[in-house]
Amino acid sequence: MGASQTRTEHKYQDLADKTGFSLEQIENLHKRFQQLSNNEETINREHLDSIPSLANNPIRKQIIEAFFDKRNQHQDEVGSCEEIGFEQFLMVMSHFRPPSLKTTEEEKEAMRKEKLRFLFNMHDTDNDGTITLVEYRKVVEELLSKSGDIGQEAAKAIADAAMLEVASTNVPHMDPDDFYEGITFEHFEQILKGLEMETRMYIRFLDVETPTLRCGKSTS
Amino acid sequence: MPSRTGSHSPAGTGKSLPERGLLLLMVLVLLEGSVLPLGAASSPDISHQKNVDNHKVEHEKNYTKKAFPVLDLDYHHIQTPFEISLWVLLASVMKLGFHMIPRLPGIVPESCLLITVGLLVGGLIKLAGEKVPPVLDSQLFFLCLLPPIILDAGYFLPIRPFMENLGTILMFAVVGTLWNAFFIGGLLYAVCQIQPANPSELHQLEILPCLLFGSIISAVDPVAVLAVFEEIHINELLHILVFGESLLNDAVTVVLYHLFEEYSAAGTVTVLDGFLGIISFLVVSLGGILVGAIYGILTAFTSRFTSHTRVIEPLFVFVYSYMAYLSAEMFHLSGIMALIACGAVMRPYVEANISHKSHTTIKYFLKMWSSVSETLIFIFLGVATVDGPHHWNWTFVTVTVILCLVSRVIGVVGLTCVINKFRIVKLTTKDQFIVAYGGMRGAIAFSLGFLLKKEQFPMREMFLTAIITVIFFTVFVQGMTIKPLVELLAVKKKQEAKRSINEEIHTQFLDHLLTGIEDICGHYGHHHWKDKLNRFNKKYVKKCLIAGERSKEPQLIAFYHKMEMKQAIDLVESGGGVNLPSAVPSTVSMQNIQPKKPPPAKPVEKALPKMTKGREEEIRQILRSNLQKTRQRLRSYNRHTLVADPYEDGFSELLIKKQKMIELEKKIQHMNNYLTVPAAPPDSPTMCRARLASGRGTDFKPAQQQRGNKISPDPQAYSSKPAADRVPTIQVDLASPQSPDSVNLMDEFRRADQQEEDQGLMMKPPSGQSGPNRPREEDRGREQQKMTRCLSDPGPSADEEEEDEPFLP
């Protein structure tokens, strides 16, 4: 037993180095992972889909899809997979780590890029390097999908206005016959400069086990 | 000014101060409803009183038979309102004057100059040998001058950063203020005791008065902070930290003040008293918030029903908030917290309910009042300095100033050490410095000191002198040096406040994303609860408090409309909107441009004819105006800006209904077209002609082709090209260069559609499996239509525009 204990620790250490999580956090996430996957090695879309508190999230589909997106695994693969193991799960989660006290400016910059890339990938569903108007509209539509017809009506207009804004801020001098192809990553960075992603796109991962705080997964 | 004081008559001085304050209050309240300038407001009073006078005079005349007084002078009757007006006028003129002097506002903060003016005025009054009016009387200050400033701050409080940093703010406001009070009070007492060489009156000072003094002097003052921080344009985080602290420490100050005042009479404090003090703090702060929230909800609820009497809408905001303040003060709760809570609670709902004009009115009134109040406060501070009976004690004053600085620095640094353990965005040393340095003291401290009774506190004069010195020190020394220091330290400045629609989209997206990730992680964090609260708000509260369909409007859409409206207003104001209602020529050129408008995504580069910059700009302008116009018309916002005022409300309803009808009709028509004529070759010339004739041809044309493609992909696609060529050619004047574009456009659409299809299958397997094929296709078709319609949006909208014209007033 002792041997296997150290082996898991060792395994976690590997993961900790890779993802930047602490061992406790990994432990906690692993428990959650097993809870979600019904103690199996991998997790698939249905598992995530059945999380009850996620049901009301308007962008649920995108969130789940992001977990199965190979681009978020720090490898140079594209496409999506059917199921992911714990390591991939952690990899996706690692995009939501908060910056720590010790992070330097360069690290912060890298972190920001990484987080923005994650967001960008969520929007750029076909992985062609640009968020086209169609893709953007889809995003806004999903965002407003919980608000019924008004939402759907307005989504298009909003996406158009947003696209117009991106085009006009990034390519201020465009001939009327020029066409703005879509938001590239550079432009994406540009428009979200004001949001300070590195300090906002994070959640607090639990360091210590707090079973009372955990929300159970429904058995259905 | 001397002339004013020269007329100080016995009748005027006989009036007690509370009365005077009440009168000013009444004048202000009266003013609230009317848009009268301050000077004019008092004139009805005067004329009324004069009338009464004349009556009297006529009466007497009956038996004295004196000559009819053609001109009568009776200053007494108007004295109080007249003097108030004069003060306000002086304040406004001074404010005006500073910005006329070149370069001066850049060096010296306004607050310093105003205090200087106050000193000068006070000096003049004194030179004239008059008794200086006790202008900064506590009653006047707390009931009239302070509320507008706080309401302004509360109503425009940036909620999001405030809530995000609430922990830090509370820490500074509660623990920091407590620390300051006890540190200053305690050490001051110690210093007073260890002064053997000079057995002065300081030895008589007991510990409780010292602590009372400490609690008065320790609170950071919102008025002073606002005055200085408005000018240095510091970044949002620091601003909200210092400003939030200054607002929330009110409860601590109130409790400490009452506690020490109470017990300095008794002389002892027991543990029980301390415990009661803590309870009292909770009651005062939470009670204040509760009172404010109740009034806020009342305001929101009332504003639900004001759609027929728009004129008095702003009044409700002011009166309810003022009542919240007074109600809180009545129970010795924290009035400042009540006002903040009231303003913050009511704002989202009130803004959704009231008209745009009322919103502007509220905004301007709040800004006007708060800036006049602020100016008056600083001037009065100067006057009161000249006036006050001073008792200068070198030791006491210098020790106070030094202790204030030291305790502030220690407090901030110590607290940040603790706070930084919990914060994600740590406070750097620079931030700490600014927070510590920005701890201005101001008129609240002075007024509290003024409230002390001479009998109970023999050292009142000395306290007041010390308080004034500290205020002057913070306002002059710190206020004047903070700006260069901020620049020297290269503290991050405030960014352009204008939020872009993209940022809004992504803020929302991020919120949902983080909530989702938290849910997947399986523990409930901030985002989860925020989401819960939002949902509750949307589901229940908004329904109760917001009238009409705006209650269902998601935040993003609301934001979009607001932005649109702002742009539209800008446009109108810039003169572009003069010909908006009858822009028939512009709609034509619109149609020319629209198909080749950049934003719709077209990933294919093409060769293009060169256009001059000027022409391009012109086109852009026209385009934007038209986009604006149509969108605006389609939504329910025309009532605010473009439509003539008197018919505002009635017509807006009518227009909305009409728009809805048109939209619906169009949709149905599209659907019909789409469902009934699928087999017809989309490029048959007659069809084309017919559609083009209808003016909406371009809209569903590509959709038609799309559909054709879907049924039998390849041959149709190629055969449809010539038709696509023709579409713009017929419609558009500058046709020739464009035709390749449109072809590409079509291709692109097809491609996009195919991609979408793939993704669709990938992303939503359930719908693909469950739904029958036909509806899905229909859905997609509709989406396509939407898309294509968007690409050539203004076509039909322009039509609508024309159709609507007769209905416009």
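Order of the sequence lines sets the chain letters (A, B, ...), proteins ahead of strands, with each chain counted from 1.
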Which region of A/Leu48, side chain (C-beta onward) or backbone (N, CA, C, O), has a non-hydrogen atom less than 4.5 Å from a non-hydrogen atom of chain B, or is it both or neither? side chain

Give, as side chain, backbone, both or neither, the part of A/Val92 having an atom under 4.5 angstrom from any heavy atom of chain B. neither

Top contributor to chain B interface from A/Ala66, A/Pro58, A/Ala159 [non-hydrogen pairs under 4.5 Å]: A/Pro58

Name all residues meeting the salt bridge (charged side-chain N to carboxylate O under 4.0 Å, His left out) criterion together with A/Arg112; count only those two or more places apart in sequence or in a different chain, and write none if there are none. A/Glu109, A/Glu189

Chain B heavy atoms under 4.5 Å from A/Leu119: which part of the residue, side chain, backbone, both or neither? side chain

Inspect the contact between A/Arg60 and B/Asp519 and indicate whether a charged nitrogen and a carboxylate oxygen are less than 4.0 angstrom apart. no

What part of A/Tyr136 lies closer than 4.5 angstrom to a heavy atom of chain B: side chain, backbone, both or neither? side chain

Are B/Arg160 and B/Glu164 within salt-bridge range, i.e. N to O under 4.0 Å? yes

At what distance, to the nearest 0.5 angstrom, does CZ of A/Phe188 lie from CD1 of A/Ile131? 5.0 Å

B/Leu510 versus chain A, the contacting section by heavy-atom distance below 4.5 Å: side chain

Toward chain B, the part of A/Phe68 with a non-hydrogen atom under 4.5 Å: neither

Side chains of A/Phe67 and B/Ile517: closer than 4.5 Å at any heavy-atom pair? yes

With chain A, which of B/Leu514, B/Ile505, B/Ile520 has the greatest number of heavy-atom pairs at distances under 4.5 Å? B/Ile520

Do A/Glu142 and B/Phe509 come close enough that some side-chain heavy atom pair is under 4.5 Å? no

